[in-house]
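Position 1 is the first residue of the sequence; numbering continues from there. Both ligands and their constituent atoms are indexed starting at 1 by order of listing. Just so we're clear, the structure is a prediction, and the values are computed from it rather than from any experiment.
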Amino acid sequence: MKKFVIGNWKMNLNVHEASLFAAKLAQDIPIRRGVETIICPSFLALEPLSLQIDHRQMKLCAQNCYWRDSGAFTGEISATQLRGLAQYVLVGHSERRNIFDEDDREIRFKVQAALRNGLTPILCVGETEFEYNEGDTPHVLNDHVAGGLLNVGSDQMDDVIIAYEPVWAIGSGKTPKLEEIEKAIELIRTQVAHMFGKSIAKNVPILYGGSVNLTNARAILSVKGVDGLLIATASLIAPEFVGIVEIASELVKKEGEKG
Ligand code: 13P
């Protein structure tokens, strides 16, 4: 199965800096079958980068979208407006949930808006440190997955990606134990299986995000069920990001050799 390596640049780099950084990545990221390399720049940089990058080498992902297609929503950007600029869109990132108070209802509307407009939503789910300490991770994951994917049709699930991002691991340098990541991914797949059946659950790509770097990427990517990585801090350091793409590529090649 192919692996995803996604760089979420968050609210960093102006348009010029984004262009220079993408050019730097382009020098070192070869076009590889088996690894989908995706960058998530600011909305402003999507258009220039969509003209600049080789789309066989890297794809573009928006960091957010509004769920209505058009209208009097000052300051918002719809999935309709992102068509042709990005192929993917992050939905329900923990910063959207926690800083901008997005709830599961809004998040599911965004998932549907993305699908309606031909974008692949990357639904982010994950527990806070408090929830982790309370042993609430399974409930939170169930709620986030069920809440985000309610009303999605089985036929649309080919175009959905889920990212497990424990909030306490984001930007903290802390990561869950590998067996905890495996367990969380398994819980997410089980919830998807309840909703859409086993075969869809087996095929939905599930990524891990939270303090991924060049040192831990191989181990995390090798965890059973992990189909890719969603990276912020390390994605803004070219050798780290490129190195992680290389690791993903090696692992895909090894898996292919094993059959
Ligand atoms: P870090 O890689 O900085 O921990 O952030 C992860 C993240 O939020 C990706 O969306």
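- By the 4.5 Å side-chain criterion applied to Ile, Leu, Val, Met, Phe, Trp and Tyr, Leu44 is assigned to a cluster that also includes Val15.
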**Report entry** Stepwise salt bridge (Lys or Arg N to Asp or Glu O under 4.0 Å) test for Asp159 and Arg116
**Finding:** CA-CA 11 Å; Asp159 289 315; Arg116 181 167 76 236; over 6 Å; no
List ligand 1's nitrogen or oxygen atoms that come under 3.5 Å of a protein nitrogen or oxygen, with the partner atom and distance.
| unit_1 | atom_1 | unit_2 | atom_2 | d |
| --- | --- | --- | --- | --- |
| ligand 1 | 2 (O) | Ala232 | N | 2.9 |
| ligand 1 | 3 (O) | Thr233 | N | 3.0 |
| ligand 1 | 3 (O) | Thr233 | OG1 | 2.4 |
| ligand 1 | 4 (O) | Gly171 | N | 2.6 |
| ligand 1 | 4 (O) | Ser211 | N | 2.7 |
| ligand 1 | 8 (O) | Lys10 | NZ | 2.8 |
| ligand 1 | 8 (O) | His93 | NE2 | 2.9 |
| ligand 1 | 10 (O) | Asn8 | ND2 | 3.0 |
| ligand 1 | 10 (O) | His93 | NE2 | 2.9 |
| ligand 1 | 10 (O) | Glu165 | OE1 | 3.2 |
| ligand 1 | 10 (O) | Glu165 | OE2 | 3.0 |

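- Ion pairing between a basic and an acidic side chain is recognised when a charged N comes within 4.0 Å of a carboxylate O; Glu106 and Arg96 show no such pairing.
- A cation-pi arrangement is not found for Arg68 relative to Tyr66, the charged atom failing to lie both closer than 6.0 Å to the ring centre and inside a 45° cone about the ring normal.
- Members clustered with Phe4: Ile6, Ile38, Tyr88, Leu90, Ile122, Ile161, Leu207, Leu230, by chain and number, using a 4.5 Å side-chain heavy-atom cutoff among hydrophobic residues.
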I'd like a table of donor-acceptor pairs (distance under 3.5 Å, sequence neighbours excluded) in which one partner is a side-chain atom from residues 21-28, with atom names and distances.
none

